[in-house]
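Have a look at the structure below, then the notes.
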There are 2 protein chains.
Amino acid sequence: MANHSSFPPKPTDSELEILSFLWQHGPSTVRQVHDHLAETKEAGYTTTLKLMQIMHEKELLSRTEEGRSHVYTAKVQEAETRQTLLDRFVETTFRGSAAQLVMQALGNHKTSARELDEIRQLLNNLENNH
Amino acid sequence: MANHSSFPPKPTDSELEILSFLWQHGPSTVRQVHDHLAETKEAGYTTTLKLMQIMHEKELLSRTEEGRSHVYTAKVQEAETRQTLLDRFVETTFRGSAAQLVMQALGNHKTSARELDEIRQLLNNLENNH
DNA sequence: CCTTTACTACGAAATATTTCGTAGTAAAAA
DNA sequence: TTTTTACTACGAAATATTTCGTAGTAAAGG
């Protein structure tokens, strides 16, 4: 059963960057997250800290004490969150047409032959299943 | 040539709703746009007016006087804007993998057999072209 | 012991976005 | 002619988001 709207508030862009890191690297400290973000962005340590504290309040992250620092874990699932954001995006930007989005995504992005094959596989499955 | 980043500032969600209407219905007055939005959202007329004035300042819309009211026209192209937003979205939500996005979009959205065929066509073309 | 280092907590400033109220005005209606 | 209606302009409040500085504190180093 999909879980639309009701659950945790939709993450902002900054929050998504943090979630993204946690999904990839698993439970991490603010320091670890920050050092990663700092490679790309310009932002102070306490900014990242504050964001993660807020995300904790919002129930987007859980945390445990580990010595004098906290270890944060994503409390929302990657696939689920992506789906929610994708739904919103298809709605607002592609007027609800997932097919349109797919066409534009494939048309303009350089996608490898291997990935194209996987997609073709998926298409076949979908068509068979219905 | 794609036009990345440099051009008009990325539209906010509210702005996108307005652009969306203009793309679909062509040049329109604030009244027309507002009456449409009001079906869905709760918002006063002057809110829509102000937004469109701001979009005009930002060069997202152009306008001409038509009697005592203004007729606004989208100054940015739908396809171009979609591409920009799509790129951002793939980056932030799918870590740059368009293929992942496509799979998730097809997997969960009910897409008609006809649309699936169109996508298959596109896949064939892509594969042939390289 | 002191001092430095590496944390958290938290208020509050800086920005960005959205919303609305008020004023001015020209045309339409009475 | 007076009143009502339907616009625009625009300041400013309300929200949401992001950023940072300062304070407190425990451990590590000297």
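Residue numbers begin at 1 in each chain, while the letters A, B, ... track the order of the sequences. Hydrogens, waters and symmetry mates are skipped; everything else that's a heavy atom, side chains included, is used.
- Remark: B:Q24 CD is packed, more than 12 non-hydrogen atoms of other residues, nucleotides or ligands lying under 6.0 Å away.
- With DNA chain D read from its 5' end, the first of the two nearest nucleotides for A:L51 and B:T29 is the one closest to B:T29.
- In this structure, B:Y45 and B:H34 have perpendicular ring planes: the angle between them is above 60°, well past the 30° mark.
- Mapped onto DNA chain D by nearest heavy atom, A:L49 and B:Y45 fall at different nucleotides, with B:Y45 at the one closer to the 5' end.
- With respect to B:R120 and B:E115, no salt bridge is recorded, no charged nitrogen being found less than 4.0 Å from a carboxylate O.
- A:T46 comes within 4.0 angstrom of a base, heavy atoms only.
- Looking at heavy-atom distances under 4.0 Å, B:S69 makes contact with sugar-phosphate atoms alone, never a base.
- Looking at A:R82 and A:D87, no side-chain N of the basic residue comes within less than 4.0 Å of a carboxylate O on the acidic one, giving no salt bridge.
- With salt bridges taken as basic N to acidic carboxylate O contacts below 4.0 Å, none links B:K10 and B:E15.
- Remark: B:R95 does not engage B:E91 in a salt bridge, criterion side-chain N to carboxylate O under 4.0 Å.
- At a threshold of 4.0 angstrom between heavy atoms, the contacts of A:T47 include nucleobase atoms, whether or not backbone atoms are also involved.
- From the 5' end on, the contacts that DNA chain C makes with chain A at under 4.0 Å to a non-hydrogen atom open and close at C:dC7 to C:dA12.
- Shown here, D:dT22 forms a base pair with C:dA9; the pair counts as Watson-Crick or G-U wobble because both key distances fall under 3.5 Å.
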